[in-house]
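Shown next, in structure tokens, is the structure this report addresses.
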Amino acid sequence: MSILETDIKYLKSVGEKRAKILNNELEIFNFRDLLYHFPYKYIDKTKFDKINEIDYKSKSVQIKGVISHFEIYENNFKKRFVAKLKDKTGKIELIWFKNFYWLENFLEIDKEFIVFGKPNIFRDKVNLVHPEIEKVNKEKKINTFLEPEYSTTEKMKKKFISSKIVQKLQKFVFIKSYEKIEENLPEHLIEKLNLMRRKKSLLHIHFPKNQDFLKAARFRLKFEELFFIQLEILFKKNIFLEKNVGYKFTKVGKYFNNFYKKNLPFELTNAQKKVTKEIRRDCFGHKQMNRLLQGDVGSGKTIVALMIILIALDNDFQACIVAPTEILAKQHFAKFQEMLKGLGINVDILTGSTKQKYRKFLHSNLKDGTLQILIGTHAIMEDIVEFQNLGIVIIDEQHRFGVAQRAKLWKKNFSPPHILVMTATPIPRTLAMTVYGDLDFSIIDEMPPNRKEIKTFHRYDNQRLRVFKFIHEEIKRGRQIYIVYPLITESEHFDYKDLEDGYESIVRAFPSPKYTVGVAHGKMKAEEKEKSMQLFVKGISQILIATTVIEVGVDVPNASVMIIESAERFGLSQLHQLRGRVGRGADQSYCILMTSFKLTNDAKKRLKIMTETNDGFKIAEEDLKVRGSGNLDGTEQSGLPFQLKISNLREDGEILERARKEAKIILETDKNLENQENEILLEYLKKEEKNKKTQWGKIS
Ligand code: ADP
Ligand code: MG
């Protein structure tokens, strides 16, 4: 056992009680965990603020001065400790309201001290409340010029485990184990990238000697972190591929060729051709495909899916498409029927509302192979649905379709079918590489020709009448309008109230029988909602008032205006998804973002980005910037299968790319990590597997 695995309770000055707190609050169980609890910032201990130049708005100040006076004041039975610190430029008060009795012995008049804290203003005077304070010790020089700050929790503070204490513990760990910290990356990699050694980088991340050392240490540790994640993903992927030989689609036959010659309704874009080739290459090879096809809303992913399905059929395989909603499944079904006209292909649909009798009929057709393409919702994944020979599965608009769900599909056949996940949610590259690192990627980065940019405007609530006038004009020209209300949680009463009030005012402005206004939201019965949507799809209603139920996939080319109410309450990617519901026909389309005047700076930024660009990938990158990767929304966060301790997906894209590349290179020549020079990596992966299990045991 490595010394780094020593239980943290055995570290000098820790013991059972403190160990419990470190376990619970920071998940620090052993020496290694502590060493990998990195500072979140550093304070430059060589720079001091002058008292007369202190800006009370600054986040923190550091002052060196002498104590000129201190005393305990009492009023209304409340005590406070006040000390005066002075430098050459002035005087400042230091105030403590509790836990101050130790100061009486600690402070000495006319002796030099360093204080650090956040300035406060009280009765026009700047002071420091509960600052950190330390004696200037002439002999014992501060051993690091950059003072690390460690994150601590309330519970830790209550038990006096401050950042300073954590720093002290770090020191103890180093004293105990520095010489025994072993390298965990192979020599050849360290040499190639000129990395700082592990031992040294851990030391300098906690006790940086200077900026250069800190930079090198940081790079090394970020690289290490991202490299191991990539190595693990790619290593497991290899094992999976080895175990599961994919179906070979060896020929292109009559289905594909007939479709291409007779039914292809338009010329493919270059991007569509490119991704089709990438997908075909997978399916023609001997590997099982796991590919993510990204393409902005309206970029034409469906036709790509259709073509690859036809090739599966040409090789006597069946295919299925899983859509996230019934509406979308129906749309796909209608489109497929139309596009496959005259080709003699049997395609059908299975959703939650499929009648039992028909369902049985479908099941038997799937089993004997007469049904070639099945389109449906998750109902397809019910265990009872058995295919004769399922060759490929298309998952539409569900980038969150995780490994576990994919595994469910594999069970549908003796060997896993090829899987193509399609999504319009642009996933920033760095995120994709970590969360979906086991998938290959194809990107449609080009829109079909003749698409007009959707014009996006931001309007305030008091401009509503003008917006109504605009709606009137568009309807007069035969167009249809979406109006979307935010719904943060389905149960939030007032959200529905907004929608209902909105509905009333719209019906007043657009009265029946001249106008038909439909509503669709999650609280309605499925059939009612469905009916409402269908009225809109068929062009019978001119206006559809909805919550985000319409977010995904619905295709109504005649709809040209998307009005988003309380737009400030939506995230960027959601706004972009909603906007993508219009601009699908040849007409000029518009997106109007309605808000009140009260907007946070972040909301303003989001709205500005929306009015400036239609490019989903740009928006995704901006989104990551605005929110930061530590602040991904719930779904993305839960998609992260690990915790990043030092790297940051927003800033460390380059290091991540490098780490992935190096992991790939190593696995290319040594896919089982059997070479002596890579032994260390295999060991790491094995240990990691074991750690994960025990860690879970400890948490649960
Ligand atoms: P998404 O990628 O959002 O799923 P779709 O596949 O639904 O997009 O395509 C959007 C629209 O663009 C459809 O009406 C489709 O017929 C049309 N389309 C797709 N590819 C092309 C193309 N190469 N040229 C012209 N129109 C196309
Ligand atoms: Mg689609």
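In each ligand, atom 1 is the first atom listed, and ligand 1 is the first ligand listed. By convention here, the first residue in the shown sequence is residue 1. Small disclaimer: the values here were computed from a predicted structure and weren't measured.
Among protein heavy atoms, the minimum distance from atom 17 (C) of ligand 1 is reached at Arg451 NH2, 3.6 Å. Of all protein heavy atoms, the one closest to atom 4 (O) of ligand 1 is Thr302 OG1, 3.6 Å. Considering only non-hydrogen protein atoms, atom 2 (O) of ligand 1 sits nearest to Lys301 NZ, 2.8 Å.
With a heavy-atom cut-off of 4.0 Å, Lys335 touches ligand 1 through its side chain alone.
Between Phe336 and His332, the angle of the ring planes goes over 60°, which puts this pair in the perpendicular group of the 30/60° scheme.
Heavy atoms of Gly298 approach ligand 1 to within less than 4.0 angstrom. In this structure, Met422 does not count as a contact residue of ligand 1, since none of its heavy atoms falls inside 4.0 Å of the ligand. Judged by the shortest distance from any of its heavy atoms, Gly295 lies outside the 4.0 Å radius around the atoms of ligand 1.
For a threshold of 3.5 Å applied to N or O pairs, the pair formed by Ile303 and ligand 1 contains no separation below that value.
Put simply, OG1 on Thr351 and NE2 on His378 are 12.5 Å apart, with the number rounded to the nearest 0.5 Å.
Between Lys274 and Glu446 there is no salt bridge, since none of the side-chain N atoms of the basic residue sits less than 4.0 Å from a carboxylate O of the acidic one. Between Lys330 and Glu326 there is a salt bridge, since at least one side-chain N of the basic residue sits less than 4.0 Å from a carboxylate O of the acidic one.
Counting heavy atoms from C-beta on, the side chains of Leu340 and Leu310 come closer than 4.5 Å.
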